[in-house]
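Encoded as structure tokens, the structure appears first; notes follow it.
In this text the structure is predicted, and so the values were computed from the model without any measurement.
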Amino acid sequence: MPALESITIKGFKSIASVEKLQLRPINVVIGPNGAGKSNFIGAFAFLHAIREGRLQDYVLKANGAERILYFGSKNTDRVLIKIAFADWVNQYEITLVPTSADELVPSEEWGYFWNKSRFPKGPLGEGIRRIGKEAGISAPAQHGISRYVANHLERWRVYHFHDTSTSSPMKKTCDIGDNRFLRPDASNLAAFLFRLKAQFPAAYGLVRRSVQQVAPFFDDFILEPVALKPDSIRLEWKHKRSDAYFDAAALSDGTLRFIALATLLLQPEMLRPSVILVDEPELGLHPYAITLLASLVRQASVKTQVILSTQSPLLLDQFPPEDVLVASQGDSGTTFTRLDADRLAEWLNDYSLGQLWEKGELGGRPGGD
């Protein structure tokens with residue numbers, strides 16, 4: 001059973017209203033550019049920021065509440081997000097309204113607990129008092145109904161491994177002690193791998209062997225403190241046929257992204273986020289790496305919920321129809337439709353899921369919705 005059972009989103013960016021969207025252990029979101037895939041992923045990042053007490057920072061970086069509200073405050077007077085966890089036992093709901101200063105502040109916030117055997121008609125609700133302009137769920141110590149929700153919100157993360165430029169954080173030196181979790185941009189990749197090698201050698205070995213499948217020339221990582229800066233570390237590695245020095249800059253963009261993805265998905269369960277969200281993980285990957293990535297996603301999803309957005313028909317081919325959500329943009333904003341395996345059964349006798357998407361039979365393509 002997935003950690004997150006469903007989500008309702010109203011008034012957030014391109015999403016006018018999505019009601020009780022059911023989520024599975026794996027959720028692959030497809031759709032044309034501008035359909036709202038990234039905004040869907042962004043709603044989870046928004047909730048994570050709310051839990052961390054960074055609501056106002058999030059709004060500021062988004063250039064104000066007007067950019068977050070669906071078509072601005074003239075059309076939308078609030079943002080509402082409600083999430084339900086396994087079997088609807090624990091739930092959380094927050095409503096945010098704009099201020100004259102172009103901020104968003106919580107107006108209502110509720111935690112719910114539903115013991116269905118004792119209260120079959122519905123859950124018990126508990127109001128959560130906000131803290132200044134931040135949500136009450138951001139309080140460090142949570143009690144009662146909100147504790148379960150708070151623990152999960154702080155343990156899911158949205159990952160973007162797009163930046164592999166010369167100034168990419170993945171290629172820079174990082175603090176060796178920054179290794180509690182893999183950061184969303186993998187800026188502490190070397191430090192996190194250093195911890196895996198020292199404390200979780202089995203998981204480290206899985207990462208290493210997975211990278212070797214994608215990059216046969218790769219032998220192992222060199223994970224040591226920088227000689228003149230013992231509190232720092234950078235990503236270095238050994239070539240199978242050379243003793244020359246190699247660092248992250250010597251890796252192709254696709255190989256570096258795959259290392260980050262393999263580390264994310266193969267890390268020990270005790271370190272893994274409760275929900276992993278990745279925006280377009282296929283960028284720059286070789287077709288074989290994409291198929292291996294799908295295998296890692298399936299492996300991780302046994303214990304951890306995974307939500308991906310993708311533009312890759314090949315990645316789509318690796319999953320059954322019921323794992324796929326199609327994002328479409330219409331007059332009523334972004335909508336999401338889960339594929340029906342029974343309806344597609346006859347089509348799938350002759351075509352792969354990716355081919356059906358390219359032919360426009362699934363929707364989720366410009367002019368094909």
Note: Arg208-Asp219 ion pair, threshold 4.0 Å (strictly below): yes
Salt-bridge present (Lys10, Glu19; N to O < 4.0 Å): yes
Distance under 6.0 Å and angle within 45° of ring axis: Lys359 vs Tyr351: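 Geometry flag: set, cation within 6.0 Å and 45°.
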Pairwise side-chain contact, Ser328 with Thr337, heavy-atom cut-off 4.5 Å (strictly under): no
Residue pair Leu308 / Val29, side-chain heavy-atom distance below 4.5 Å: no
Hydrophobic cluster membership, with links at side-chain heavy-atom distances under 4.5 Å among I/L/V/M/F/W/Y: are [X] and [Y] in one?
| X | Y | answer |
| --- | --- | --- |
| Ile259 | Phe200 | yes |
| Leu283 | Leu314 | no |
| Ile15 | Leu21 | yes |
| Leu196 | Ile176 | yes |
| Tyr112 | Phe85 | no |

Residues, nucleotides or ligands: over 12 heavy atoms within 6.0 Å of Lys240 NZ: yes
Within 6.0 Å of OH in Tyr245, more than 12 heavy atoms from elsewhere: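 It does: Tyr245 OH has more than 12 such atoms within range.
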In terms of side-chain heavy atoms, does [X] have a donor or acceptor partner in [Y] at a distance below 3.5 Å?
| X | Y | answer |
| --- | --- | --- |
| Gln305 | Ser274 | no |
| Gln355 | Asp350 | no |
| Thr310 | Ser312 | no |

Steps toward side-chain contact (heavy atoms from CB on, under 4.5 Å) verdict (Val18, Ile7): CA-CA 8 Å; Val18 170; Ile7 185 166; 5.7 Å; no
Donor-acceptor pair, side chain of Gln318 and main chain of Ser295, under 3.5 angstrom: no
Check: Glu66 main-chain N/O paired with Asp102 side-chain donor or acceptor under 3.5 Å: yes
Residue pairs involving residues 312-331 (criterion salt bridge (Lys or Arg N to Asp or Glu O under 4.0 Å); sequence neighbours excluded): Arg24-Asp323
Derivation and outcome, ring-ring contact (aromatic ring centres under 6.0 Å, His included), residues His48 and Phe44: CA-CA 6 Å; His48 184 67; Phe44 293 88; over 10 Å; no
Asn39 CG to Tyr70 OH distance, which is reported to the nearest 0.5 Å: 11.5 Å
Residues Leu271, Arg180; criterion side-chain contact (heavy atoms from CB on, under 4.5 Å); working and verdict: CA-CA 8 Å; Leu271 302 181; Arg180 287 193 307 112; over 6 Å; no
Pairing residues for Phe46 by the ring pair (Phe, Tyr, Trp, His ring centres under 6.0 Å) criterion, not counting sequence neighbours: Phe12, Tyr58
